S.K.: 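The structure's right below; bear with me while I get my questions together.
Keep in mind the model is a prediction, meaning the values are calculated, not measured. Only heavy atoms go into these numbers, but all of them, side chains included; no hydrogens, no water, no symmetry mates. Index from 1, following the sequence.
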Amino acid sequence: MTGVSHASAPLAVRMRPRTLDELVGQSQLRAPGSPLRRLVEGDQPMSLLLWGPPGTGKTTIASILSQQTDRRFVEVSAVAAGVKEVRAAIDAARRELARGGSETVLFVDEVHRFTKAQQDALLPGVENRWVTLVAATTENPFFSVISPLLSRSLLLRLESLTDDDVRSVVAAALVDERGLAGEVGLDDAALDHLVRLAGGDARRSLTYLEAAAGAARDQGLDTIDLETAETAVDQAAVRYDRQGDQHYDVTSAFIKSVRGSDADAALHYLARMMEAGEDPRFIARRLVILASEDIGLADPTALTTAVAAAQAVQLIGMPEARLNLAQATIALAVAPKSNAVTTAIDAASADVRAGRIGGVPAHLRDAHYSGAKGLGHGRAYKYSHDEPYGIAEQQYAPDAVVDAAYYRPTALGAESAVKERWERIRRIVRGG
């Protein structure tokens, strides 16, 4: 790419990896014998579809592919380009091939923003191998990319970078000649803050580092401290100490606020986590757990809401997914609460760990294999659908726990109706 190493280019551009070995993270893609490594090192004509969060290396992989295989690199943004621009890029690549020139890597960023007609315009270039298409998307391609393009491309899934990955990116940029070349240092608190704000996005971490380095130089500082870093990236001063105590404190306060039904407090902590660059998938997972742990059958829709929010985070990504997380947070905060599901499985697990197991009653054992009936398996079993109310009076639990009462529903929310029904069912089943 023209001007990649030029001093005036953004730090994230100057520090873009030049080989697969320089790429940080994505070990599953860089492993010996992996499809991507075979594609780059074997110079195979194959189109790629890269699916992953921002800042995980999608553009970088396209650039590496073009550089290491001596192909022309042409970038088209789905935000600005239309069918005309796509066809022009493919026609230019075809003419280059016709006169014996270099093959072309056509990089299409945010391909999910293309309409079906625009994606259709890519097919001739892919089918005839006039271009090596590398299309990048942050959204699930099975929903956002047309099937013919999917079937003709190698789909590679990129994962968010870990905090350690981002630290190594920042550390390299501080000393590399293409980066800051040791002109300024970075203290531990500032490093932790930049890593937290980056949220697994390498490009964002370098953008923040560049801004902080500029601010430090303007103040005559030779080391970037936390205050300079916070001011430079123009973020609220959400402080996370080196051991991560504040991170865990805010997360704990968030969960306890939802559990405590204070939607306003929960939204405050949600906003703090998001502004600090917390991984939205982490937040979504905590809400999914809470939906069963603290709400359960008091509102059976809570789990559906939380899972839908988690899927939306995966499908849409930030910053839009903040709306899905906020909706789920409010819904779970105002929902009636019950921990009966939690106490039920905990009590059952405690009995199992204590050895209170026992044999499965003979009438419940599998009776389908040869000889089973001779062992008494299935004999005297009552088929529930033949019984009044569809409930049979018979023993289901092993003798060791025949009187156990694990599930104790509350009278809160929708669980009050479940409580009434469960009490009636239990009396019938147990012969009460």
Side-chain angles (χ1 to χ4, degrees), residues 1 4 12-13 15-71 73-76 78 103-112 122 126 129 131-145 149-173 176 178 195 198-206 279-282 313-315 317-318:
M1 290 179 63
V4 166
V13 173
M15 288 300 300
R16 180 164 288 157
R18 296 158 294 189
T19 67
L20 281 182
D21 292 329
E22 289 184 0
L23 186 66
V24 174
Q26 315 309 332
S27 58
Q28 77 283 5
L29 302 183
R30 297 184 291 108
S34 66
L36 179 59
R37 191 168 285 279
R38 292 201 309 269
L39 179 64
V40 171
E41 297 177 352
D43 195 12
Q44 301 173 2
M46 169 70 75
S47 291
L48 292 179
L49 188 55
L50 306 175
W51 172 27
T56 51
K58 297 186 291 295
T59 306
T60 295
I61 288 173
S63 177
I64 291 171
L65 179 60
S66 70
Q67 290 181 36
Q68 291 200 245
T69 59
D70 294 323
R71 292 177 169 134
F73 182 85
V74 177
E75 182 173 356
V76 174
E103 295 181 18
T104 300
V105 171
L106 177 60
F107 178 63
V108 180
D109 197 15
E110 299 189 81
V111 69
H112 56 272
L122 294 168
V126 173
R129 293 189 172 173
V131 298
T132 295
L133 174 68
V134 180
T137 179
T138 55
E139 296 190 3
N140 189 329
F142 294 100
F143 294 106
S144 58
V145 177
L149 201 54
L150 266 175
S151 64
R152 290 165 174 80
S153 305
L154 175 64
L155 176 61
L156 299 180
R157 180 76 183 274
L158 282 72
E159 302 293 339
S160 290
L161 301 185
T162 66
D163 283 355
D164 286 341
D165 290 335
V166 175
R167 287 176 193 278
S168 67
V169 168
V170 173
D176 196 289
R178 294 177 297 153
V195 170
D201 186 325
R203 183 172 53 243
R204 186 188 299 171
S205 73
L206 293 178
D279 186 345
R281 295 173 302 176
F282 166 76
V313 166
Q314 184 69 28
L315 181 64
M318 296 296 278

S.K.: Could you tell me which residues satisfy salt bridge (charged side-chain N to carboxylate O under 4.0 Å, His left out) with D21, sequence neighbours excluded, listed by chain and number?
M.R.: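 Salt bridge (charged side-chain N to carboxylate O under 4.0 Å, His left out) check on D21 returns R37.
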
S.K.: Is the closest side-chain heavy-atom distance between T138 and K58 below 4.5 Å?
M.R.: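 Yes, at least one pair of side-chain atoms sits under 4.5 Å.
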
S.K.: Using modelled atom types and a 3.5 Å cut-off, is there a donor and acceptor pairing between side-chain atoms of Q26 and backbone atoms of E159?
M.R.: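 Yes; judged by distance alone, with no hydrogens or angles, the pair exists.
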
S.K.: The criterion is side chain to side chain donor-acceptor pair (under 3.5 Å); which residues satisfy it with R18, sequence neighbours excluded?
M.R.: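 Checked R18 against side chain to side chain donor-acceptor pair (under 3.5 Å); matches are E22.
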
S.K.: Please name the pair of heavy atoms, one in S205 and one in V166, separated by the smallest distance, quoted to 0.1 Å.
M.R.: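 So the two residues come closest at CB-CG1, 3.5 Å.
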
S.K.: Keeping R30 on the side-chain end and G25 on the backbone end, is there a donor-acceptor pair under 3.5 Å?
M.R.: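 Pair found, side chain donor or acceptor close to backbone of G25.
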
S.K.: Mind checking side-chain contact (heavy atoms from CB on, under 4.5 Å) for L150 and listing every partner two or more places apart, or none if nothing turns up?
M.R.: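 Counting only residues at least two positions away or on another chain, L150 forms a side-chain contact (heavy atoms from CB on, under 4.5 Å) with L49, P141, F142, V145.
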
S.K.: Search all heavy atoms of A12 against all heavy atoms of R203 and return the closest pair with its distance.
M.R.: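 In terms of heavy atoms, the two residues are closest at CB-CG, 3.9 Å.
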
S.K.: Looking at I64 and P17, what are the two nearest heavy atoms and their distance?
M.R.: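 Of all heavy-atom pairs spanning I64 and P17, the closest is CG1-O, 3.6 Å.
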
S.K.: Looking at F143 and L315, what are the two nearest heavy atoms and their distance?
M.R.: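 Taking F143 first and L315 second, the nearest heavy atoms are CD1-CD1, 3.8 Å.
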
S.K.: Look at the side chain of R152 and the backbone N and O of V126, then say whether any donor-acceptor pair between them is shorter than 3.5 Å.
M.R.: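 Checking the backbone N and O of V126 against the side chain of R152, no donor-acceptor pair under 3.5 Å is found.
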
S.K.: Do S168 and D165 pass the side chain to side chain donor-acceptor pair (under 3.5 Å) test, and can you show the C-alpha distance, the side-chain angles, and the key distance before you say yes or no?
M.R.: CA-CA 5 Å; S168 67; D165 290 335; 5.1 Å; no

S.K.: Is there a side-chain contact between N140 and Q314 (heavy atoms, below 4.5 Å)?
M.R.: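 No; the side chains remain at least 4.5 Å from each other.
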
S.K.: Return the set of residues passing side-chain contact (heavy atoms from CB on, under 4.5 Å) with A202 (not counting sequence neighbours), or none when no residue passes.
M.R.: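 Per chain and number, A202 pairs via side-chain contact (heavy atoms from CB on, under 4.5 Å) with L161, V169.
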
S.K.: Donor-acceptor pair, distance only, cut-off 3.5 Å: does the side chain of S153 make one with the backbone of L149?
M.R.: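 Yes, the answer is positive, given that a donor and an acceptor are paired below the 3.5 Å cut-off.
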
S.K.: Mind checking what makes side chain to side chain donor-acceptor pair (under 3.5 Å) contact with S160, not counting sequence neighbours?
M.R.: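 Partners of S160 under the side chain to side chain donor-acceptor pair (under 3.5 Å) test: R281.
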
S.K.: Tell me every residue that passes side chain to side chain donor-acceptor pair (under 3.5 Å) with S27, counting only those two or more places apart in sequence or in another chain.
M.R.: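 Residues passing side chain to side chain donor-acceptor pair (under 3.5 Å) with S27: none at all.
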
S.K.: So, using salt bridge (charged side-chain N to carboxylate O under 4.0 Å, His left out) as the criterion, who are the partners of D176 when residues are at least two apart?
M.R.: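 Residues passing salt bridge (charged side-chain N to carboxylate O under 4.0 Å, His left out) with D176: R178.
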
S.K.: Which distance, rounded to the nearest 0.5 Å, do you find between the CD1 of I61 and the CG of L156?
M.R.: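 That separation rounds to 7.0 Å.
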
S.K.: L154 pairs by side-chain contact (heavy atoms from CB on, under 4.5 Å) with which of L50, V134, L48?
M.R.: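 Answer to the side-chain contact (heavy atoms from CB on, under 4.5 Å) test with L154 among L50, V134, L48: L48.
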
S.K.: Please name all residues satisfying side chain to side chain donor-acceptor pair (under 3.5 Å) with T56, sequence neighbours left out, ordered by chain then number.
M.R.: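 None.
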
S.K.: Name the atoms and distances for all side-chain donor-acceptor pairs under 3.5 Å in residues 104-111, with sequence neighbours left out.
M.R.:
| from | atom 1 | to | atom 2 | distance (Å) |
| --- | --- | --- | --- | --- |
| T104 | OG1 | R72 | NH1 | 2.5 |
| E110 | OE1 | R113 | NE | 2.7 |
| E110 | OE1 | R113 | NH2 | 3.4 |

S.K.: Going by the rule salt bridge (charged side-chain N to carboxylate O under 4.0 Å, His left out), which residues pair with R157 if we only count those two or more places apart in sequence or in a different chain?
M.R.: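 By the salt bridge (charged side-chain N to carboxylate O under 4.0 Å, His left out) rule, R157 matches no residue at all.
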
S.K.: Does L29 reach the side chain of L23, with side-chain heavy atoms less than 4.5 Å apart?
M.R.: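 No. Closest side-chain heavy atoms not under 4.5 Å.
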
